[in-house]
Each structure stands twice: as C-alpha cells, then as structure tokens.
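Here is the structure we will look at, set down as structure tokens.
Quick note: numbers below take in every heavy atom, side chains included, and nothing from hydrogens, waters or symmetry partners. Throughout, protein chains are lettered first and strands after them, A, B, ... in sequence-line order, and every chain is numbered starting at 1.
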2 protein chains.
Amino acid sequence: MSVPLYQAKAEMFRTLGHPVRIRVLELLQAGPRPVRDLLAEIDVEPSNLSQQLALLRRAGIVVSFRQGGLVMYALSTPAVADLLAAGRRILGEVLTDRDGLLAELKARD
Amino acid sequence: MSVPLYQAKAEMFRTLGHPVRIRVLELLQAGPRPVRDLLAEIDVEPSNLSQQLALLRRAGIVVSFRQGGLVMYALSTPAVADLLAAGRRILGEVLTDRDGLLAELKARD
DNA sequence: TGCGTAGTTGCAGAATTCTTCAAGTCGGTT
DNA sequence: AACCGACTTGAAGAATTCTGCAACTACGCA
C-alpha cells in the first residue's frame, strides 16, 4: 500500500483538528446548509471558510453541490456525527477526571 | 468559560492527528505497555516518542506510571478506543466511496 | 556512593499549517 | 452581453508543529 493505514487515520483526525472545521461539522449534523449560513454563524472571513471547506472536501468528510445560486455542504456520511459524539464523550471524561484531580489536590492543603 | 468547547474539541482531535501518536494509542488499546515496548514497535527516536507521549499525557488521553524500573503508559479511558473505532469506520466509508467513484470514472472511458 | 539503563526535557532549524489579500470563476439576472 | 452576488483559488508572510541532538533526571543495583 502506498500510504500506511495509521497515517491515513492521523490525517483524518488532523483534518478535524481546527475550530472552524469542527464548527462546520457540528452545524452540518443538522443537515445540509449553504455556505452563506455557515458564514453567518461562524465569524470567519469568507475566503478562510472556503479554505477550510476545501480541506474537508478533499478529505472526503463533506460533499458540496449547487442549489439555486447557493453552494450547499453536507456530511459525506452520518458516521461523522458518531465520531464527533465520541470526541465529545472523551472530552467530558477527561475534563471531569481533571476536575476530580483538582478537587483532590485542593482537599489536601 | 475560558476556552470555547469547539476549540477544546479541535485540540483533542489535533492531538490524535499524528502517525506516531495514533500508533501509540492503537498499541495501548490492548492494555498498558512500557515505553520500551512502544519504542520497539514504532520506529522513532526515543526523544521523539517521549515528546509525543508528553503531548498525549498533557491532553489527558493517556496516563503514565512507573512499575519496576519501567515507565508504563495506558489509555486514560476506554472511550479512546471508541473514538479510534469511529475513525476507522469513517475512513473505511470514505475510501470505499472513493473507490466507487473511481470505478465509475473508469467505466466511463 | 558510583554506574548504567530508561526516559524526559530544552532547544533550534526544518517542515507544515493558518490567515489574509487580491484576483478569478460560476450561475443567475437584466 | 454585461453585471452582480456567492464562492473559490493562489500566493505569501505569520504562526505552529515536528524532529533530532545534547544534556539532564530518576531508579535500581553493585
């Protein structure tokens, strides 16, 4: 194989590793949306958003199509939502673990 | 809150976005392992591995402890394995989609 | 106490990614 | 055809991340 599997995985995760791209994916979980809507909700320059969307597109995570003068984006597979959910869960566990540790440390002095 | 949630998420995904770190996590899915084992399986300089482990540790994704002269690492929560599984599934879907498209394109000429 | 193995940390140059600006494309509309 | 709105692309400097070397810490043991 040309690209080791673990490298493809790393690339995929890295593709998700950007605040704007995460927000886009979260918004797209509710269904397809035009760029203009994303732009209205994300506070980023149009050209920057386009760059981020292009990255997600190239990674195959989202797809785009035109609809009545607007360009729409959508998740390429609902599995993306599962990935985000798993991420959310870990984040929750890690943060509560930290809080737990913090509380433990505080109780000591 | 000081750090927006979507930024914390992005950071977590970015932390996973590196070939060495992915391999470490995959190895740790089978249970705790000493650094020396990871080193034997991953083909990376010791100092580099240490840097990557430090990143994972700071992100709260793994934990480390000492055991009989060796430093052991383990996943901080089994949820990490779920995240990797979700990633694997998406990668599979994206790749077969691409193959499908590729086949379609080839059938055309 | 002194040594050797096991890992870690600091750092600097190399490589990658981000952001923004300017210019360009693609479809509708008039 | 000319124009406009909605995006996209190219490119370059700024910012971040990666890698490897050298130095350092932590243990266990003679």
Side-chain angles (χ1 to χ4, degrees), chain A residues 3-4 6-25 27-28 32-76, chain B residues 3-4 6-28 31-76:
Chain A
V3 171
Y6 57 82
Q7 189 169 332
K9 278 183 211 168
E11 271 165 34
M12 195 198 53
F13 282 119
R14 189 165 37 197
T15 300
L16 302 185
H18 185 290
V20 168
R21 297 195 294 264
I22 286 287
R23 296 207 66 192
V24 165
L25 295 178
L27 290 169
L28 293 185
R33 276 172 171 285
V35 175
R36 79 154 20 153
D37 278 19
L38 301 174
L39 210 41
E41 307 213 41
I42 301 182
D43 187 39
V44 62
E45 305 248 331
S47 68
N48 194 341
L49 179 60
S50 246
Q51 301 274 16
Q52 310 306 337
L53 289 172
L55 263 170
L56 290 170
R57 232 187 306 120
R58 267 175 244 137
I61 293 170
V62 304
V63 295
S64 71
F65 54 95
R66 213 168 243 281
Q67 194 173 75
L70 300 180
V71 176
M72 309 283 294
Y73 275 84
L75 298 184
S76 69
Chain B
V3 172
Y6 57 82
Q7 190 168 333
K9 278 183 212 169
E11 269 165 35
M12 196 198 52
F13 282 118
R14 189 164 43 208
T15 300
L16 303 185
H18 185 290
V20 168
R21 297 194 294 264
I22 286 287
R23 295 207 67 189
V24 166
L25 296 179
E26 291 190 332
L27 290 169
L28 294 185
R33 277 170 171 286
V35 174
R36 81 155 17 157
D37 279 19
L38 301 175
L39 211 41
E41 306 213 41
I42 299 183
D43 186 41
V44 63
E45 306 251 331
S47 69
N48 192 341
L49 180 59
S50 246
Q51 299 276 15
Q52 310 307 337
L53 289 172
L55 263 170
L56 290 170
R57 232 187 306 119
R58 268 175 243 137
I61 293 171
V62 305
V63 296
S64 69
F65 54 96
R66 215 168 243 282
Q67 192 173 75
L70 300 181
V71 176
M72 309 284 293
Y73 275 83
L75 298 185
S76 68

Return the polar atom pairs (N/O with N/O) between nucleotides 12-15 of chain D and the protein under 3.5 Å, or none.
none

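- When all heavy atoms of A:P19 and B:A10 are compared, the pair lying nearest together is N-CB, 3.5 Å.
- For residues 6-26 of chain B, proximity to DNA chain D is found at B:R14, B:H18, B:R21, defined as any non-hydrogen atom under 4.0 angstrom from a strand atom.
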Task: Pair B:I42-B:L27, side-chain contact (heavy atoms from CB on, under 4.5 Å): steps then yes or no - done: CA-CA 10 Å; B:I42 299 183; B:L27 290 169; 3.9 Å; yes
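- Contacts between residues 54-69 of chain A and DNA chain D, counted as heavy-atom distances below 4.0 Å, involve A:R57, A:G69.
- Atom CG of B:N48 is separated from atom P of D:dT19 by 5 Å (rounded to the nearest Å).
- When every heavy atom of A:P32 is checked against every heavy atom of A:F65, the shortest pair comes out as CB-CZ, 4.4 Å.
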Using residues 46-62 of chain A as the side-chain source, report each donor-acceptor pair under 3.5 Å to any protein atom, sequence neighbours left out, with the distance given to one decimal.
residue	atom	partner	partner atom	Å
A:N48	OD1	A:Q52	NE2	2.7
A:Q52	OE1	A:R21	NH1	2.7
A:R57	NE	A:Y73	OH	3.1
A:R57	NH2	A:Y73	OH	3.2

Show each protein N/O and nucleotides 11-13 of chain C N/O combination with a separation under 3.5 Å, one pair to a line.
residue	atom	partner	partner atom	Å
C:dC11	N4	B:Q51	NE2	3.2

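- In this structure B:E11 satisfies the side chain to side chain contact (heavy atoms under 4.5 Å, CB included) test together with B:Q7, B:R14, sequence neighbours excluded.
- Across C:dG7, D:dA6, C:dT19, the shortest atom-to-atom separation from the side chain of B:V35 is found for C:dG7.
- Contact check, A:Y73 against D:dA6: no side-chain N or O comes under 4.0 Å of OP1 or OP2.
- The A:P46 side chain lies nearest to D:dT8 when the options are C:dT8, D:dT19, D:dT8.
- Between the C1' atom of D:dT8 and the CG atom of A:L49 lies a distance of 11 Å, rounded to the nearest Å.
- We find that CE of B:M72 is positioned 13 Å from P of C:dT8, with the value rounded to whole Å.
- Qualifying side chain to side chain contact (heavy atoms under 4.5 Å, CB included) partners for A:L70, counting only residues two or more places apart in sequence or in other chains: A:P34, A:R36.
- The nearest pair of heavy atoms linking B:V63 to B:S76 is CG1-CB, 3.9 Å.
- One interatomic measurement links the two molecules: CG of B:L39 to P of C:dT8, which rounds to 10 Å at whole-angstrom precision.
- The side chain of B:E45 lies closest to D:dC21, out of D:dC21, D:dT19, C:dT8.
- Sequence neighbours left out, not one pair with a member in residues 60-72 of chain A passes side chain to side chain donor-acceptor pair (under 3.5 Å).
- At a threshold of 4.0 angstrom between heavy atoms, the contacts of A:L70 are confined to the sugar-phosphate backbone, with no base atom among them.
- For residues 39-50 of chain B, the salt bridge (charged side-chain N to carboxylate O under 4.0 Å, His left out) pairs, not counting sequence neighbours, are B:R33-B:E41.
- Each of B:D37 and A:S47 lies near DNA chain C, and the nucleotide nearest B:D37 is the one positioned closer to the 5' end.
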